[in-house]
Amino acid sequence: MILQSKEDIRKAVEGTVEKEKITDIHTHLFSPNFGDILLWDIDELLTYHYLVAELMRWTDIEYEEFWNLSKKEQAELVWDELFVKRSPISEAERGVLTTLKVLGVTPDTKDLNEYRKIFQERTAEQQVDEVMKQASVDNLVMTNDPFDEKERNVWLNGEKPHDHFHAALRIDPLLNDYANTKEVLRSWDYQVAEEWNDQSIKEVQRFLEDWISIMNPLYMAVSLPPAFAYPEESDRGRIIRDCILPVTKKHNIPFALMIGVKKRVNPALGDAGDFVGKADMSALENLLSENPENKFLVTMLARENQHELAVLARKFRNLMVFGCWWFMNNPVIINEMTRMRFELLNTSFIPQHSDARVLEQVVYKWRHTKEILKDVLTEKYEDVRATGWKIDQSDIENDVADLFHRNFWNFIEKDLRK
Ligand code: FIX
Ligand code: ZN
């Protein structure tokens with residue numbers, strides 16, 4: 001149906017954005033059969049490291065004292081400081097309220113125990129089904145770390161993700177801390193040498209191959225510091241050159257780079273202690289130009305890098321830009337970078353991922369993004385319609401399907417979407 005006005009376009013965009021199912025390509029969630037490493041419920045929501053960082057601005061509690069509190073006591077402190085004593089208007093605070101509302105719990109009381117009752121009545125499986133239904137997410141990709149003892153044992157015991165959950169092989173300790181990881185690999189009988197030689201290359205490749213056969217990952221991922229350089233005569237530079245690139249190419253899986261995180265600038269805050277820095281784009285430019293047959297999924301953490309990343313994607317079709325990562329996942333920046341991406345890349349990118357660490361965050365991260373996407377897409381279609389170009393409802397449906405799942409599944413050339 002040809003859309004005749006901006007109101008028609010808005011209605012068509014809103015309906016399509018609400019209806020189209022989403023593949024959430026980067027989360028820290030787990031299939032329920034992976035056990036208690038899947039985090040969910042209100043106390044986990046309130047102790048999300050984003051909220052811990054915000055809490056610490058209002059209290060002078062010793063960090064160690066906070067971490068020694070129980071999860072419930074931590075959640076009560078966050079609730080009191082950020083939701084009772086003052087208005088919860090930050091993105092992460094508002095996210096808790098949006099989540100409650102979408103899950104059918106109008107957040108109209110400041111009594112935390114009222115909310116706890118709702119979550120206590122549910123099982124993890126029920127909550128996964130409810131969250132994916134409410135968020136309209138029908139597939140999600142986990143972050144799977146073979147160096148995490150608990151998760152490693154789940155895989156070695158033969159657990160496989162349920163349908164709709166997919167693996168991503170995460171290798172930060174291999175690339176960012178090889179000096180210490182060498183010993184770990186040897187303890188797992190991968191006989192890497194002290195110096196980087198053919199044996200080391202063979203054994204690191206064998207390690208990657210083993211975990212690809214265990215996990216069947218959709219991609220291989222790493223987070224990288226602002227100082228990331230490539231090529232580089234360093235452990236990281238050599239492992240990427242001699243192992244990651246050949247193995248991902250052989251298996252036709254993308255190498256996902258999340259660039260710009262300065263880890264633990266305040267180590268006492270744990271996951272809340274990570275910072276951001278502008279990265280030099282030449283590392284990515286070199287990777288892309290030297291490896292045209294490799295595929296790269298990339299997101300960056302600095303606002304200043306977003307324009308360069310979008311322009312680089314115009315130069316290299318083996319680069320798929322994704323998400324508004326972490327400190328980028330705020331409406332003011334999501335709005336800016338999504339408009340810029342449409343203006344530079346049309347719809348050839350993946351607009352968002354939830355990065356959810358707690359199951360229910362999938363709800364708010366996508367709800368908030370969808371509201372922005374509706375505005376931006378309506379304007380973009382109206383700009384084009386105003387030239388006399390015909391916009392049909394089916395055009396919008398086609399474009400949103402690309403943005404919400406097809407760009408990802410086409411890029412990885414796998415049809416595992418359930
Ligand atoms: O490296 C990552 O996957 C980051 O997303 C996380 O380390 C980070 O803590 C996070 O959850 C940000 O949203
Ligand atoms: Zn993440």
Side-chain angles (χ1 to χ4, degrees), residues 23-30 37-40 44-56 67 90-96 99 137 140-148 151 165-177 217-228 236 254-277 279 296-303 305-306 321-331 333-334 337 350-366 368-369 408:
T23 293
D24 194 346
I25 78 156
H26 171 58
T27 77
H28 297 267
L29 303 177
F30 296 94
I37 55 177
L38 167 64
L39 304 180
W40 66 287
E44 289 294 353
L45 282 172
L46 289 171
T47 51
Y48 184 35
H49 67 73
Y50 290 31
L51 293 174
V52 171
E54 294 169 34
L55 163 72
M56 292 304 173
W67 295 121
S90 80
E91 183 59 7
E93 292 160 6
R94 171 173 80 109
V96 173
T99 299
V137 167
L140 64 84
V141 186
M142 307 181 284
T143 294
N144 303 108
D145 180 354
F147 295 96
D148 176 283
E151 182 183 355
F165 285 79
H166 307 275
L169 173 53
R170 187 65 180 258
I171 51 170
D172 290 38
L174 180 68
L175 288 186
N176 297 333
D177 187 20
L218 299 187
Y219 57 80
M220 205 182 281
V222 68
S223 69
L224 293 165
F228 170 55
R236 178 165 55 219
F255 180 25
L257 299 100
M258 305 170 72
I259 308 171
V261 53
K262 203 169 175 185
K263 300 294 282 184
R264 302 304 194 262
V265 294
N266 184 348
L269 281 178
D271 283 334
D274 296 341
F275 185 45
V276 56
F296 298 89
L297 276 166
V298 178
T299 198
M300 297 186 82
L301 195 50
R303 181 183 189 186
N305 282 134
Q306 302 307 329
V321 171
F322 79 92
C324 302
W325 182 31
W326 204 341
F327 307 117
M328 296 295 95
N329 194 30
N330 296 310
I333 294 179
I334 298 170
M337 59 197 278
I350 299 167
Q352 186 59 295
H353 66 279
S354 70
D355 228 314
R357 280 179 173 270
V358 180
L359 173 64
E360 295 87 350
Q361 290 168 345
V362 171
V363 170
Y364 92 78
K365 301 235 184 168
W366 280 105
H368 292 178
T369 294
F408 175 67

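Numbering of ligands and ligand atoms starts at 1, following listing order.
Side-chain contact between Leu29 and Trp40: absent, with no pair of heavy atoms (C-beta onward) separated by less than 4.5 Å. The shortest distance between side-chain heavy atoms of Leu175 and Phe228 does not fall below 4.5 Å.
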Side-chain donor-acceptor distances from residues 255-262 under 3.5 Å, at least two apart:
none

Only distances under 3.5 Å count here; give the side-chain donor-acceptor pairs of residues 322-329 to other protein atoms, sequence neighbours excluded, each with its distance to 0.1 Å.
residue : atom : partner : partner atom : Å
Trp325  : NE1  : Asp355  : OD2          : 3.2
Asn329  : OD1  : Gln352  : NE2          : 2.8

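Annotation for ligand 1: atoms under 4.0 Å from non-hydrogen atoms of His49 are 8 (C), 9 (O), 10 (C), 11 (O). Taking every heavy atom of His26 and a limit of under 4.0 angstrom, the matching atoms of ligand 1 come to 3 (O), 5 (O).
Among protein heavy atoms, the minimum distance from atom 13 (O) of ligand 1 is reached at Tyr50 OH, 2.5 Å. Scanning all protein heavy atoms for the shortest distance to atom 4 (C) of ligand 1 gives Trp325 NE1, 3.6 Å.
The heavy atom nearest to atom 7 (O) of ligand 1, considering only Met328, His353, Arg170, Arg357, is found in Arg357.
Here OH of Tyr364 is found 10.0 Å from CD of Glu93. Values are rounded to the nearest 0.5 Å.
Excluding water, every protein N/O/S atom under 2.8 Å from the Zn ion (ligand 2) is given here by residue and atom: His26 NE2, His28 NE2, Asp355 OD1.
The 12-atom threshold is not exceeded at CZ of Arg303, counting heavy atoms of other residues, nucleotides or ligands nearer than 6.0 Å.
Polar contact check, Asp355 against ligand 1: a nitrogen or oxygen pair lies under 3.5 Å apart. Considering both main-chain and side-chain atoms, His28 comes within under 3.5 Å of ligand 1 through a nitrogen or oxygen pair.
Residues that satisfy the side-chain contact (heavy atoms from CB on, under 4.5 Å) test with Ala268, not counting sequence neighbours, are Tyr63, Asn266.
Between the side chain of Gln306 and the backbone N or O of Met300 there is at least one donor-acceptor pair closer than 3.5 Å.
Under a 4.0 Å N-O distance rule, the pair Asp271/Arg357 qualifies as a salt bridge.
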